[in-house]
Amino acid sequence: MTIVTPEGVRLELAIAGIGSRLAARLLDSLIQGAFILALILTLGATGVMTNGFGGSGGVVVAIVILILFFTLFLYDLVFEIAMNGQTPGKRATGIRVVDASGAPAAPLALVTRNIVRIVDFLPVYYAAGLITMLATQRTQRLGDLAAHTIVVRERTGDQHNHALHAFGTQLSVPPSAIAAWDVSAVTPDEVQLCRQFLMRRFTVPPHVRYELSLDIAQRLARKITGLPPTSHPEFVIEGIVLAKDLRA
């Protein structure tokens, strides 16, 4: 799937297939099942299930039902909000929920897709959702269609691992590192594009950030002389802005 950002950058996203999504769902279901089983065994071993808290068996049953409800229906929502579109199962299989525009999925969108999950589940274990994924071009279930979200695969391989080493922190390019760069061929509009990326980069998921930085860096690198051939994409972008500022 190819998306053109407002800055004119072409962003390619790999849509997650049905197999990886089912694998993620199975892993998450196993985690949910293990938690529920542990809860039942713990309550049974302590006698709470049969005797209750001081004989209040009805209260215990109500609490257990409430915990089961939260485990089954809020598990995905809580993790997707906390983990930027991922659950433990999605993280293990390398997929993530994002907005249909490629931006991070908003909390309201995640709420919507998880409410509609109840319909996707019908009549048995996501049968409706599976049919919808087979019928849609971007493998979207009903919840994705309602929330305008898609599920994408994270980049893998050495290139991705190399790019992620500094994603959690602000890169800092010293003036000495770009002293020999000639950036005179970079236009003001292209410098503005670099500035816009630097302002937005910490608000997008790592895979989107990488795609954007790589696209911009590859586009502008051929206009720069003195640039080391193995430079990190964000190093190139920061270096361009710094060089232009220092030589303004």
Side-chain angles (χ1 to χ4, degrees), residues 1-3 5 9-35 71-121 125-165 167-168 201-215:
M1 174 180 173
T2 301
I3 296 171
T5 70
V9 177
R10 294 175 64 84
L11 173 65
E12 292 186 359
L13 300 176
I15 302 297
I18 293 177
S20 58
R21 294 185 66 171
L22 288 178
R25 181 70 266 161
L26 178 60
L27 288 173
D28 286 324
S29 295
L30 289 174
I31 293 173
Q32 290 172 300
F35 175 79
T71 302
L72 293 174
F73 294 103
L74 294 184
Y75 170 94
D76 291 85
L77 176 60
V78 170
F79 275 114
E80 285 177 359
I81 291 177
M83 298 171 61
N84 196 15
Q86 288 186 311
T87 60
K90 288 184 177 69
R91 174 164 292 183
T93 54
I95 62 178
R96 181 187 303 273
V97 180
V98 299
D99 185 81
S101 67
L108 180 59
L110 295 175
V111 170
T112 301
R113 79 185 300 272
N114 279 283
I115 289 176
V116 183
R117 182 185 300 278
I118 299 173
V119 181
D120 279 307
F121 190 87
Y125 202 73
Y126 293 97
L130 179 60
I131 293 172
T132 308
M133 285 191 286
L134 289 170
T136 53
Q137 184 178 9
R138 296 188 290 182
T139 320
Q140 293 169 290
R141 62 175 178 82
L142 293 173
D144 291 314
L145 294 173
H148 301 289
T149 56
I150 56 176
V151 180
V152 299
R153 288 191 287 109
E154 303 269 44
R155 291 185 64 93
T156 58
D158 294 338
Q159 186 181 38
H160 177 57
N161 293 333
H162 171 74
L164 288 181
H165 76 277
F167 271 0
R201 60 178 166 173
F202 294 113
T203 66
V204 298
H207 67 284
V208 176
R209 176 176 172 177
Y210 176 74
E211 292 283 357
L212 286 170
S213 65
L214 185 62
D215 190 301

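Since the structure is predicted, the reported quantities are computational estimates derived from the model, not experimental observations.
- The backbone N or O of Thr139 lies less than 3.5 Å from a partner atom in the side chain of Arg21, making a donor-acceptor pair.
- With hydrogens and angles disregarded, a donor-acceptor distance shorter than 3.5 Å links the side chain of Asp144 to the backbone of Arg141.
- Side-chain atoms of Gln140 never come within 3.5 Å of backbone atoms of Ile150 as a donor-acceptor pair (strictly under, hydrogens ignored).
- Salt bridge annotation for Arg25-Asp76: present, with a cationic side-chain nitrogen under 4.0 angstrom from a carboxylate oxygen.
- Once rounded to the nearest 0.5 Å, the distance linking CG of Leu27 with CD of Gln32 reads 11.5 Å.
- Considering only heavy atoms from C-beta on, Tyr75 stays 4.5 Å or farther from Ser29 through its side chain.
- For the pair Glu80 and Arg113, the salt-bridge criterion is met [side-chain N within less than 4.0 Å of a carboxylate O].
- Checking side-chain atoms of Asp120 against main-chain N and O of Ala128 turns up no donor-acceptor pair under 3.5 Å.
- Using modelled atom types, one side-chain atom of Arg96 and one backbone atom of Asn84 make a donor-acceptor pair closer than 3.5 Å.
- Of the inter-residue distances, the one linking Arg209 atom CZ with Arg201 atom CZ reads 5.5 Å to the nearest 0.5 angstrom.
- Side-chain contact check for Tyr126 and Arg117: at least one donor-acceptor pair (N or O, by modelled atom type) lies under 3.5 Å.
- When atom types are taken as modelled, the side chain of Asp215 and the backbone of Glu211 share no donor-acceptor pair closer than 3.5 angstrom.
- Note: Ile118 CD1 to Phe73 CZ = 5.5 Å, rounded to the nearest 0.5 Å.
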